[in-house]
Amino acid sequence: MASIGEMLRKAREAQGRSVTDLASELCITERYIRALEEDDVHSLPGLFFYQSFVRQYGAMLGLERSRVNQALAEIGGPVPSPEETAAGLS
């Protein structure tokens, strides 16, 4: 299975969208978008932000939530759902 970063990059490129455009739409710096696409967790402010940014990016590109969550789980263990995170259950 492709890494989450590779999935994001391929989906973005298939849609003909630029890093600059997505950074603007997501209100995330281009540096962070590139880090996501390169699976560079350490260049982001923490695992929580990494997971959140990946979910937002994946949703914007129309990726299936289950595929995104599965890829996130492979990187950092179980991934709490947005509902669990909001409820403080993570």
Side-chain angles (χ1 to χ4, degrees):
M1 179 175 168
S3 73
I4 188 67
E6 187 176 348
M7 287 172 31
L8 293 169
R9 182 184 51 76
K10 285 183 177 182
R12 176 184 58 77
E13 289 174 347
Q15 293 177 21
R17 299 173 87 175
S18 71
V19 168
T20 302
D21 290 340
L22 281 169
S24 176
E25 290 179 49
L26 290 168
C27 297
I28 299 173
T29 68
E30 289 183 41
R31 182 176 65 125
Y32 286 171
I33 296 291
R34 284 184 178 66
L36 294 173
E37 290 187 356
E38 295 169 4
D39 298 305
D40 183 5
V41 179
H42 302 292
S43 290
L44 297 158
L47 186 59
F48 171 81
F49 288 100
Y50 173 75
Q51 292 172 341
S52 177
F53 291 165
V54 165
R55 281 193 185 104
Q56 291 174 52
Y57 193 2
M60 181 159 286
L61 294 172
L63 297 178
E64 292 178 31
R65 178 184 267 181
S66 61
R67 284 185 63 203
V68 171
N69 284 336
Q70 179 182 0
L72 284 171
E74 290 175 8
I75 291 173
V79 178
S81 70
E83 294 80 18
E84 291 172 328
T85 301
L89 300 175
S90 59

[atom2] on [Y] to [atom1] on [X], rounded to 0.5 Å:
{"X": "Ser18", "Y": "Glu30", "atom1": "OG", "atom2": "CD", "result": "7.5 Å"}
{"X": "Met60", "Y": "Leu26", "atom1": "CE", "atom2": "CG", "result": "4.0 Å"}
{"X": "Leu72", "Y": "Arg67", "atom1": "CG", "atom2": "CZ", "result": "12.0 Å"}
{"X": "Ile28", "Y": "Ser52", "atom1": "CD1", "atom2": "OG", "result": "7.0 Å"}
{"X": "Ile4", "Y": "Met7", "atom1": "CD1", "atom2": "CE", "result": "4.0 Å"}

Contact summary for [X] and [Y], nearest pair of heavy atoms:
{"X": "Glu6", "Y": "Asp39", "value": "N-OD2, 4.3 Å"}
{"X": "Tyr57", "Y": "Leu36", "value": "CD2-CD1, 3.8 Å"}
{"X": "Thr29", "Y": "Ala23", "value": "C-CB, 4.0 Å"}

* To do: Applying side chain to side chain contact (heavy atoms under 4.5 Å, CB included) between Leu61 and each of Arg9, Gln15, Gln56, report the one that passes.
  =>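 When side chain to side chain contact (heavy atoms under 4.5 Å, CB included) is applied between Leu61 and each of Arg9, Gln15, Gln56, only Gln15 qualifies.
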
* Asked: Can you list the steps and then say if Arg55 with Arg65 is a side-chain contact (heavy atoms from CB on, under 4.5 Å)?
  -> CA-CA 8 Å; Arg55 281 193 185 104; Arg65 178 184 267 181; 5.8 Å; no

Do [X] and [Y] touch side chain to side chain, with heavy atoms closer than 4.5 Å?
{"X": "Leu8", "Y": "Leu63", "answer": "yes"}
{"X": "Glu25", "Y": "Arg17", "answer": "yes"}
{"X": "Tyr32", "Y": "Pro45", "answer": "yes"}

* Go through Arg34 and Glu38 one step at a time and tell me if the salt bridge (charged side-chain N to carboxylate O under 4.0 Å, His left out) criterion holds. => CA-CA 6 Å; Arg34 284 184 178 66; Glu38 295 169 4; 5.9 Å; no

